[in-house]
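Input: a single structure, listed below in structure tokens.
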Amino acid sequence: MNLLATLRDRFRTALADVADDAAAGELAELVLPSQDAKFGDYQANCAMPLGKRLGQPPREVAAALIERLDVAAFCEPPEIAGPGFINLRLKDEWLAATLAAAVADSDRSGVAPVAEPRTYVLDYSSPNVAKPMHVGHIRSTVIGDALYKVLAFVGHRVISDNHIGDWGTQFGMIIYGYKHFVDEAAIAESPVAELGRLYRYVNRLVDYHATKSQAIPALEDKIAAAQATLDEKRAEPLPDDAKAKKKAEKKLRQAEGALTDLRNELLALQAKTAEVEADAALAKVAAAHADIGKAVLAETAALHAGDGANRELWERFLPACRAEMEATYDRLGVKFDHTLGESFYEDKLAAVVDDLKAKQLATESDGAQCVFLEGFDAPFIVQKQDGAFLYATTDLATIAYRMETWSPDAILYVVDHRQSLHFEQLFATARQWGYDEVELQHISFGTVLGEDGRPYKTRTGSAVGLAGLLDEAVDRAQAIAEKSDVLTSDEERRTVAKRIGIGAIKYADLAHNRTSDYKFSYDKMLAMTGNTAAYMQYSYARVHGIFGRGGVDIEQLRTSSAPISLVEPAERALAVALVQFTETLHRVAADYRPNYLTDYLFDLASKYASFFENCPVLKAPSDELRISRLLLCDLTARTIGRGLSLLGIETVDRM
RNA sequence: GCGCCCGUAGCUUAGUUGGAUAGAGCAGCGGACUUCUAAUCCGCAGGUCGCAGGUUCGAAUCCUGCCGGGCGUGCCA
């Protein structure tokens with residue numbers, strides 16, 4: 001059961017006697033787990049605000065509440081402390097009985113489903129096919145997958161839909177590459193590899209010309225302009241007023257910093273073009289394909305316009321591109337219910353714009369179709385001057401399709417925070433368009449930073465590839481596996497290394513508050529101590545190991561309905577933590593924050609470590625206690641295992 | 001210019017619509033191994049929660065101003 005929710009219900013009932021319903025509902029939320037064990041297991045903080053409202057001393061209000069409160073089934077008599085806190089201590093008998101029931105419940109370990117199941121559509125990962133996935137896709141994929149699993153486990157209906165980019169310029173590149181540079185033998189043998197090569201090759205050529213003819217001159221202009229404004233600012237006398245002077249000096253510093261950044265950027269671009277030019281063969285090809293940028297766009301436009309040959313190539317290549325993507329998902333253990341990419345909505349876009357126009361939401365401005373929204377400076381553009389549609393259009397079509405197909409209560413977009421403006425506009429437009437009942441949420445997250453605190457990039461400034469990232473983590477995890485003396489075969493060591501390595505990346509990501517940026521560090525994520533996957537996996541293996549060593553038949557134990565007794569403080573603390581698994585999952589599901597679960601698991605593992613240190617299990621003083629403690633071990637292992645699996649992280653029985 | 005987000009211990013960070021003495025981990029110091037997996041555990045030390053005001057029984061959390069940083073901002077996604 002969800003103990004916290006139950007306690008809040010009981011308080012709501014008691015509060016309804018002394019306050020109106022709305023206030024009672026609000027005040028009941030002030031029941032929280034206690035921070036400090038000396039204040040009991042839970043505390044209610046509602047007497048202070050209520051006392052204020054009623055003009056009565058809070059301690060008297062607290063006493064009146066306790067009078068009306070029915071929690072005797074789970075708690076010792078409540079105590080009033082300090083200015084009017086109500087402290088609750090769980091009954092040991094109730095804890096023991098609840099855990100015994102959880103032991104017997106092999107499917108859910110006592111985790112109650114939510115009272116009101118909802119239907120969620122989850123939109124996450126969303127890579128562009130044909131382009132290799134990179135570090136920027138990790139968080140969306142990992143957070144989305146964890147939320148999917150938690151929401152489903154607590155009883156919601158969840159539909160994951162990977163909104164892949166399968167209709168963009170990258171196909172123009174592949175088509176162009178196929179027409180000019182294909183190695184037929186290679187494509188026959190391994191289409192995925194050859195298409196990947198073609199994409200990278202054409203992309204490099206396009207990039208080279210764009211850099212040379214546009215990016216560098218544009219940057220040079222920008223540098224000149226920045227230099228000019230800087231000179232201008234320097235020439236101006238500083239204001240006399242101290243505050244204005246400081247501000248002017250700051251502006252000057254910022255302008256200098258900006259100029260330095262621009263110069264460094266220019267050097268990086270020049271180095272990139274020089275690299276191409278240093279390769280004689282590549283330089284020759286580049287010279288022969290001077291208009292490759294335009295040509296690629298033309299191939300893309302032809303595909304969109306329905307050109308038969310290009311359409312055929314697209315249909316032929318898409319499966320291979322999807323297969324490449326799937327290979328990465330396989331390594332991560334991520335699956336989707338649906339993968340409806342941009343191309344799926346291609347024939348639905350014109351109707352979206354027509355409808356917006358008919359409803360007078362979209363109007364023409366500078367030749368583009370725009371939705372002007374209150375509170376936004378910029379319009380939400382749904383069709384460009386040249387008639388092309390944008391991702392805004394696709395996103396609207398996608399909402400319409402999802403509503404029609406699944407009638408969800410909520411659609412969640414797990415996308416990085418830089419797109420928040422887009423989603424604000426998208427949601428505002430969708431509501432005006434008629435979808436005003438559904439919960440539309442941007443589950444935003446911060447950037448993955450390198451150790452230097454800047455966005456995680458390779459030395460040359462490109463995004464770090466996801467596959468390489470996973471390789472590196474698994475390689476480093478191999479060292480941990482090698483150190484183990486309980487692993488017997490190379491194969492087992494490889495399996496363990498894989499689970500630790502992939503788990504480390506996922507866990508590090510999930511353990512951070514998703515809204516903030518976080519620093520990517522192999523050393524930290526693979527540490528055996530602290531809040532890491534490896535530590536959690538080790539904790540699990542340690543608990544699990546007891547059964548083997550003690551020759552214990554777990555199944556028999558679980559069905560024996562042997563009683564659990566909580567005598568040592570460490571046993572009781574562990575028991576309380578175990579009981580709180582349900583409310584933790586419900587909180588993750590309510591706030592869409594997986595780090596609540598990692599925090600919980602780490603706390604549980606710490607409580608177990610302390611229990612393990614203080615309470616002999618196999619050498620317990622009596623058989624009854626031995627069995628009781630084994631049951632606590634079993635529940636701990638199951639809870640850690642379940643928790644990790646809901647985060648998409650695999651466990652190992654020994655390591 | 002405007003908008004959004006962030007600033008917590010040396011480092012990485014948590015902090016449940018405002019709750020009791022701001023929690024962890026790493027690094028540092030000190031303890032515990034004839035082991036239930038010491039890949040661990042226990043303890044100590046380390047904080048003007050960017051700064052200054054305000055709101056109130058109570059503020060890291062809410063409001064205002066300032067300082068420092070990131071991101072976004074009409075036809076990319």
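By convention in this document, chain letters (A, B, ...) are assigned in the order of the sequence lines, proteins followed by strands, and residues within each chain are numbered from 1.
- Nucleic acid contact for C633(A): none, since no nucleic acid atom lies under 4.0 Å from a heavy atom of the residue.
- Nearest nucleotide to the side chain of K619(A), out of rG72(B), rC36(B), rG15(B): rC36(B).
- Atom CZ in F39(A) sits about 4 Å away from atom C1' in rA20(B), given to the nearest Å.
- Geometric assessment of R587(A) against the ring of Y596(A) yields a positive cation-pi assignment under the 6.0 Å and 45° thresholds.
- Here the separation of rA24(B) from rG43(B), taken at their P atoms, is 9 Å to the nearest Å.
- Among the atoms of the strands shown, only primed sugar atoms or phosphate atoms (P, OP1, OP2) are found under 4.0 Å from some heavy atom of H512(A).
- Taking every side-chain heavy atom of A609(A) into account, rC41(B) is the closest of rG74(B), rC41(B), rG15(B).
- Summarising the geometry, the separation between CG on L373(A) and C1' on rG74(B) is reported as 13 Å, rounded to the nearest angstrom.
- Counting non-hydrogen atoms under 4.0 angstrom, D395(A) reaches nothing in the nucleic acid.
- Rounded to whole Å, the distance from CG on N614(A) to P on rC42(B) is 9 Å.
- Rounded to whole Å, the distance from CG on L30(A) to C1' on rG58(B) is 13 Å.
- Contact check, K524(A) against rA27(B): no side-chain N or O comes under 4.0 Å of OP1 or OP2.
- At a threshold of 4.0 angstrom between heavy atoms, the contacts of E613(A) are confined to the sugar-phosphate backbone, with no base atom among them.
- Ring geometry for H422(A) against F380(A) counts as tilted: the plane angle lies between 30° and 60°, on a 0 to 90° scale.
- Between the CZ atom of R418(A) and the C1' atom of rU73(B) there is a distance of 14 Å, rounded to whole Å.
- Nucleic acid contact for R593(A): none, since no nucleic acid atom lies under 4.0 Å from a heavy atom of the residue.
- Below 30°, between 30° and 60°, or above 60°: for H163(A) and Y345(A) the angle between ring planes is between 30° and 60°, a tilted geometry.
- Spacing between rA9(B) and rA14(B) at atom C1', rounded to whole Å, works out to 13 Å.
- As judged by a 4.0 angstrom heavy-atom cut-off over every strand, S365(A) is placed among the base-contacting residues.
- When the C1' atom is compared between rU40(B) and rC49(B), the two are found 32 Å apart, to the nearest whole Å.
- Distance, N513(A) CG to rU8(B) P: 14 Å, rounded to whole Å.
- Base pairing analysis places rC11(B) opposite rG25(B); the two distances defining the Watson-Crick or G-U wobble pair are each below 3.5 Å.
- Put simply, K519(A) has a side-chain N or O that comes within less than 4.0 Å of OP1 or OP2 on rU12(B).
- For rC29(B) and rA45(B), the C1' atoms lie 7 Å apart once the distance is rounded to whole Å.
- Note on ring orientation: taking the six-membered ring where Trp is involved, the planes of H137(A) and H134(A) are tilted (angle from 30° to 60°).
- On the P atoms, rG74(B) is 31 Å away from rU13(B), given to the nearest whole Å.
- Taking a pair to require two hydrogen-bonding distances under 3.5 Å in either a Watson-Crick or a G-U wobble arrangement, rU73(B) pairs with rG1(B).
- Side chain T447(A) to base rG70(B): no donor-acceptor pair is found below 3.5 Å.
- In this structure, L390(A) reaches the sugar-phosphate backbone alone: every heavy-atom distance under 4.0 Å involves primed, P, OP1 or OP2 atoms, never a base.
- One atom, CE of M48(A), and another, C1' of rA59(B), lie 14 Å apart when rounded to the nearest Å.
- For a distance-only test at 3.5 Å, the side chain of D603(A) fails to qualify as a donor-acceptor partner of the base of rA14(B).
- At most 12 non-hydrogen atoms from other residues, nucleotides or ligands lie less than 6.0 angstrom from CD of E79(A).
- Counting atom types as modelled, Q35(A) pairs no side-chain N or O with a base atom of rA22(B) as donor and acceptor under 3.5 Å.
- Contact check on E492(A) versus R654(A) returns a salt bridge, with a Lys/Arg side-chain nitrogen under 4.0 Å from an Asp/Glu carboxylate oxygen.
- Atom C1' of rA77(B) sits at a distance of 15 Å from the matching atom of rU73(B), rounded to the whole Å.
- Using a 4.0 Å heavy-atom criterion, one finds that A527(A) contacts no nucleic acid atom at all.
- Under 4.0 Å is where a charged nitrogen must lie from a carboxylate oxygen, and between R139(A) and D509(A) at least one such pair does.
- Residue V617(A) is in base contact, counting any heavy-atom pair closer than 4.0 Å across all strands shown.
- Backbone-only contact: D599(A) has heavy atoms under 4.0 Å from sugar-phosphate atoms and none from a base.
- When distances are taken from the side chain of Q43(A) to each of rG72(B), rG15(B), rG19(B), the shortest belongs to rG19(B).
- Atom C1' of nucleotide rC71(B) and atom CG of D416(A) are separated by 10 Å, given to the nearest angstrom.
- Among the heavy atoms of the strands lying under 4.0 Å from I381(A) is at least one base atom, whether or not backbone atoms are also near.
- Side-chain proximity of A368(A) to rG68(B), rG15(B), rC75(B): nearest is rC75(B).
- Backbone-only contact: N595(A) has heavy atoms under 4.0 Å from sugar-phosphate atoms and none from a base.
- Contact check, T529(A) against rC26(B): a side-chain N or O comes under 4.0 Å of OP1 or OP2.
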Please step through side-chain hydrogen bond (donor to acceptor under 3.5 Å, both in side chains) for the pair E583(A) and Y600(A), ending with a clear verdict.
CA-CA 10 Å; E583(A) 65 197 48; Y600(A) 167 82; over 6 Å; no
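- Ring stacking holds between F85(A) and rA20(B), with the centres under 5.5 Å apart and the planes within 30 degrees of each other.
- For the P atom pair drawn from rG19(B) and rU61(B), the interatomic distance equals 11 Å after rounding to whole Å.
- Across rG19(B), rU13(B), rU40(B), the shortest atom-to-atom separation from the side chain of Y518(A) is found for rU13(B).
- When the side-chain nitrogen and oxygen atoms of Y535(A) are compared with OP1 and OP2 of rC41(B), one or more of them lie within a distance under 4.0 Å.
- Rounded to a whole angstrom, the distance from the P atom of rG25(B) to that of rG68(B) is 35 Å.
- Inter-residue side-chain proximity for S444(A) and F423(A) is flagged as unmet; no heavy-atom pair is nearer than 4.5 Å.
- Nearer to the 5' terminus of RNA chain B, by closest-nucleotide assignment, is the contact made by N45(A) (compared with the other of N45(A) and A392(A)).
- Among the atoms of the strands shown, base atoms are found under 4.0 Å from some heavy atom of A81(A).
- Counting distance only, with no hydrogens placed and no angle test, the side-chain atoms of S484(A) and the base atoms of rA39(B) include a donor-acceptor pair under 3.5 Å.
- In this structure, the nucleotide among rC75(B), rA77(B), rA39(B) sitting nearest to the side chain of Q385(A) is rC75(B).
- Counting only heavy atoms from C-beta on, E342(A) has its side chain closest to rA77(B) among rU16(B), rA77(B), rC36(B).
- Nucleic acid contact class of I480(A) (heavy atoms, under 4.0 Å, all strands): base.
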Going through the checks in order, is the salt bridge (charged side-chain N to carboxylate O under 4.0 Å, His left out) test met by E29(A) and R8(A)?
CA-CA 6 Å; E29(A) 299 300 304; R8(A) 285 177 175 170; 3.4 Å; yes
